[in-house]
Amino acid sequence: MLAEISLSGLTKAFVDTVWSTPLFLLLLGCGLIYTVRTKFIQWRVLTHGLDCVRGKYDDPSDPGAISHFQALCAALSATVGLGNIAGVAVAISLGGPGAVFWMWVVGLFGMALKFAECSLAVMYRQVRDVPDPSAPALIEADAESRTLEYKGERPPNADAKERARGEVRGGPMWYMQLALVEPLKARGNGFWIVFKILAVLFAISTMLNSFGGGNMFQGWNVSNVLKSNFDVPVFLSATVVSILVAMVIIGGIKRIGQVASKLVPIMCVVYVLGASYIILAHVTEIPRYLSLIVTSAFRTTDASGSFVGVGMWVAFTWGLKRACFSNEAGEGSAAIAHAAAKTNEPIREGVVAGMGPMIDTLIICTMSALVLLMTGIWNRPEVGTVASVNGDRIEVAINHEIDGRLESAYSAELCKKPNLAVHLSRDAGEAPKELSIPIGSIENGDDANWDTVTMLVLDASTLADEERAELKAVTVGMPVHLALDGAEMMRFAFDTKAYGLGKWIISIGVCLFAFSTMVSWSYYGEKGAEYLFGPGAILPYKFIFVVFVFLGMVLEKFQVVYDFSDCTTGMMVLCNLPVVLILMPKLLAASKDYFKRLDEGIIKPHH
C-alpha cells in the first residue's frame, strides 16, 4: 500500500513538473514559429491538403505502405478519442468558456507543428521491400525473390529492386537517427551521442505510453461504460475487444490503415450527428455562445452553479493543456503513422497531417464545447444544500429553482438515486474537492415524482474509512451537486434534450474512439520496440500489447497508470521538439522547393 502511494505520488509530481506552463508555452511557441516561417502553412493545409486527401496526387508507384487518406485516418484514430469527450468537459468545467478559445489557438498553431514533424518523418524514413514481417499471412508469393533489407544495406541478390509496396519505419526516432546521429557520427562530432540518447528515450517513452494511455486506460473506459450502461460482463467485453484488437494489429500498418479509413469517418459522423442534434436545437443561440467563448478568454468569468469562477490565466492554461493532450501536435506520435504514407514528396504528407488538429480540435472539440455550454451543464445548478449533519446521516434541502432546460433531466437523473457530490472546497482552476455519497432515502416527497421532494438523506455509512474521515469537513450550507465529471458531463448534456440519448451517444463514442486509439497506438509502440530491439521484437510486442488490453479492461482503474502515461507523453514532447526546431532549415528549404514546383505547375495531379 505504501509502495503504491509512493509510486502514485512520484508519478503525479513528475507529471506536474513536466506538464507545466513552460512546456505548454514551448509547444505554443514552436507552433507560432513554424506558422510564421512557413508563411501560414495552415492555408496550404486547407487547400492543397484537401486535394491530397481526396487522392488527386496519389501515385501507386510511390514508396510507402498506405494512402494519404489512410495515413491521416490512422493518425486521427489515435488523436480523436476520449480527450474530445472528457477532455473538453474538464477544460470548460475548470477553465470556463474561455478555455475553448485557447484550444482553438493551440489547434491552429498545432496544424503548423504537425506539418513540420510529419514532413520530417517522410524525409527521413526507411522503406523495406517486404510486407510487415509481423503479419506472415500477408507475405506475398514472390517475397523471397525480393530484398529483405532496408535501404542502404546490401540486398540478398542482384536482381532485387525497391518496390512501393514495402513496409516503412519512420517517426521522430528515425529522423533523429538519420538526420543527426549518423551524419554527426560520420564527421566525428561527439554530439551524436546526445541525439542518440534522445532517440532512445523517445522510443522507450512511445513503447511504454502505448501500454498505458494508448491501451489500458482506453480499455478500462470501454469495459466501464459497457458495464454501467448495459450491464455487459467485464470478462466478456475484455475478451471480445482483445480478439478484435489482435485481428487488426496482426496485419500491420496496412490493415490498421484500412480499418482506420473506415472506422474514423464512422465514429466522427456518429458523434458529430449527435452533437449537431443538440446544437441545432439551440441554433439561434450559436452567436451568443461563440461570443461568450471569445470574451471569456480575456476577462474574469464569474462563479455560477457548479462553476467556481476563473480569471483569464486559468482559462488560458486549461485550454492549452487540454488542446495539447487532444491533438498530440509536438508529441511526434502521428509522425510515425504518416511516415508510412505512399509518397515521394515529404511536404505533401506534411500538409495532409496538418488537417489532424483542425479536425480534432477546431471541429470535434468545438462541437463538444457547444453542447456543454448550450445545455447549461458546465455551470449546472446545485441539487440542494446541506441542511444538517448527524454522523453518517446528511440531510439535503432540495433546490427546485432549476433552469427549465435542465428540470426534466434533473428529475429523471435523481429518480435513479445516484451518488451526489458534496463540495468541500472550491478553488479557481482546480477540480472541487468533493465527497461522493449515495442517496439513502427520501424524507419528504415521492421519489417517483421528484418535483414533490423537499428533503433527502445521504448515507455515508458505506464509504471507505479514508472517505468517512472527510465527513468532519461537511458543514451546513455546503452545495450538493450531481456527481458528474468528464464523459459523464457529456452524457448528461445529451440527456437534457432526450433523457437516455446520452447513454447511447457516449457509449458508442467511447467504444469506437477507444478501440481506434488502441489499434493505432499499437503501431506507434511497435515502431518504438523495433527501433530499440530490431524487427524481431514486433511479434512479441504485439502479443504483450493484446495481453495488456485484456488486463486493462478487467482490472480496477488505478490513477498511477494514467499519471505514468502523462509522464511518458511529456518525455516524448521534450525529446521531439528540440529536434524539430534544429531541423527547421532543412524543412523550410524543402517546403519552399515543393510549393514553388506546385505553383509553377511542375507538380501535377495524377487523377
Side-chain angles (χ1 to χ4, degrees), residues 41-60 62-81 83-84 107-108 110-123 125 168 170-171 214 248 252-269 271-272 326-365 512-513 515-517 519-524 527 594 605-607:
I41 191 65
Q42 289 87 341
W43 174 248
R44 295 284 193 176
V45 169
L46 295 175
T47 52
H48 183 53
L50 186 59
D51 287 338
C52 294
V53 169
R54 290 165 54 197
K56 290 181 66 174
Y57 292 86
D58 284 355
D59 185 348
D62 282 345
I66 55 179
S67 69
H68 292 297
F69 179 67
Q70 290 175 333
L72 177 62
C73 287
L76 278 175
S77 68
T79 55
V80 177
N84 299 85
L108 184 67
M111 293 169 69
L113 197 51
K114 193 156 283 193
F115 158 79
E117 60 190 9
C118 293
S119 294
L120 289 171
V122 179
M123 288 174 68
R125 66 177 180 177
V168 178
V248 174
I253 186 58
K254 291 187 178 181
R255 190 174 297 174
I256 291 172
Q258 290 166 356
V259 171
S261 65
K262 295 176 177 62
L263 188 60
V264 168
I266 291 173
M267 70 186 195
C268 289
V269 167
Y271 188 73
V272 167
S326 178
N327 64 49
E328 298 180 3
E331 183 180 325
S333 54
I336 300 173
H338 283 281
K342 291 177 70 66
T343 183
N344 58 3
E345 296 284 0
I347 301 304
R348 182 179 298 160
E349 189 57 30
V351 295
V352 170
M355 297 183 70
M358 180 189 73
I359 295 170
D360 177 276
T361 306
L362 300 181
I363 296 177
I364 297 179
C365 285
L512 292 179
F513 288 179
F515 179 79
S516 65
T517 297
V519 296
S520 287
W521 266 98
S522 75
Y523 180 70
Y524 298 165
K527 290 301 160 186
Y594 177 80
H606 288 280
H607 302 288

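Not measured: the values here are computed from a predicted model. Just so it is clear, the values below take in all heavy atoms, side chains as well, and ignore hydrogens, waters and symmetry mates.
Looking at Val352 and Phe115, their side chains never come closer than 4.5 Å, going by heavy atoms from C-beta outward. Looking at heavy atoms from C-beta onward, Tyr271 lies out of side-chain contact with Leu512 at the 4.5 angstrom threshold. Between Met358 and Leu46 the shortest side-chain heavy-atom distance falls below 4.5 Å. Pro346 is not listed as a side-chain neighbour of Leu120, based on a closest heavy-atom distance of 4.5 Å or more. For the pair Trp43 and Thr47, the minimum side-chain heavy-atom distance is below 4.5 Å.
We find the CD-CG distance between Glu331 and Leu113 to be 11.0 Å, quoted to the nearest 0.5 Å. The distance from the SG atom of Cys268 to the CD1 atom of Ile359 is 7.0 Å, given to the nearest 0.5 Å. We find the NZ-CE distance between Lys262 and Met267 to be 14.5 Å, quoted to the nearest 0.5 Å. To the nearest 0.5 Å, atom CZ of residue Arg125 and atom CD1 of residue Ile336 are 14.0 Å apart. Rounding to the nearest 0.5 angstrom, the gap separating the OG atom in Ser119 from the NZ atom in Lys114 is 12.5 Å.
The side-chain hydrogen bond (donor to acceptor under 3.5 Å, both in side chains) contacts involving residues 347-360 comprise His68-Glu349, Asn84-Asp360, Ser326-Asp360, His338-Glu349, Arg348-Tyr594, where partners must be two or more places apart or lie in separate chains.
Closest approach of Ala121 and Ala339 over heavy atoms only: O-CB, 3.8 Å. The two atoms that bring Glu345 and Thr343 nearest to each other are N-OG1, 3.0 Å, heavy atoms only. Heavy-atom minimum distance, Val351 versus Val45: O-CG1, 3.5 Å. Residue Ala71 comes nearest to Ala337 through the heavy atom pair CB-O, 4.2 Å, listed as atom of the first residue, atom of the second, then distance.
For the pair Gln42 (side chain) and Met111 (backbone), a donor-acceptor distance under 3.5 Å is absent.
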For a side-chain contact (heavy atoms from CB on, under 4.5 Å) check, start with the C-alpha distance between Phe69 and Cys52, then their side-chain angles and the critical distance, and finish with the verdict. CA-CA 8 Å; Phe69 179 67; Cys52 294; over 6 Å; no

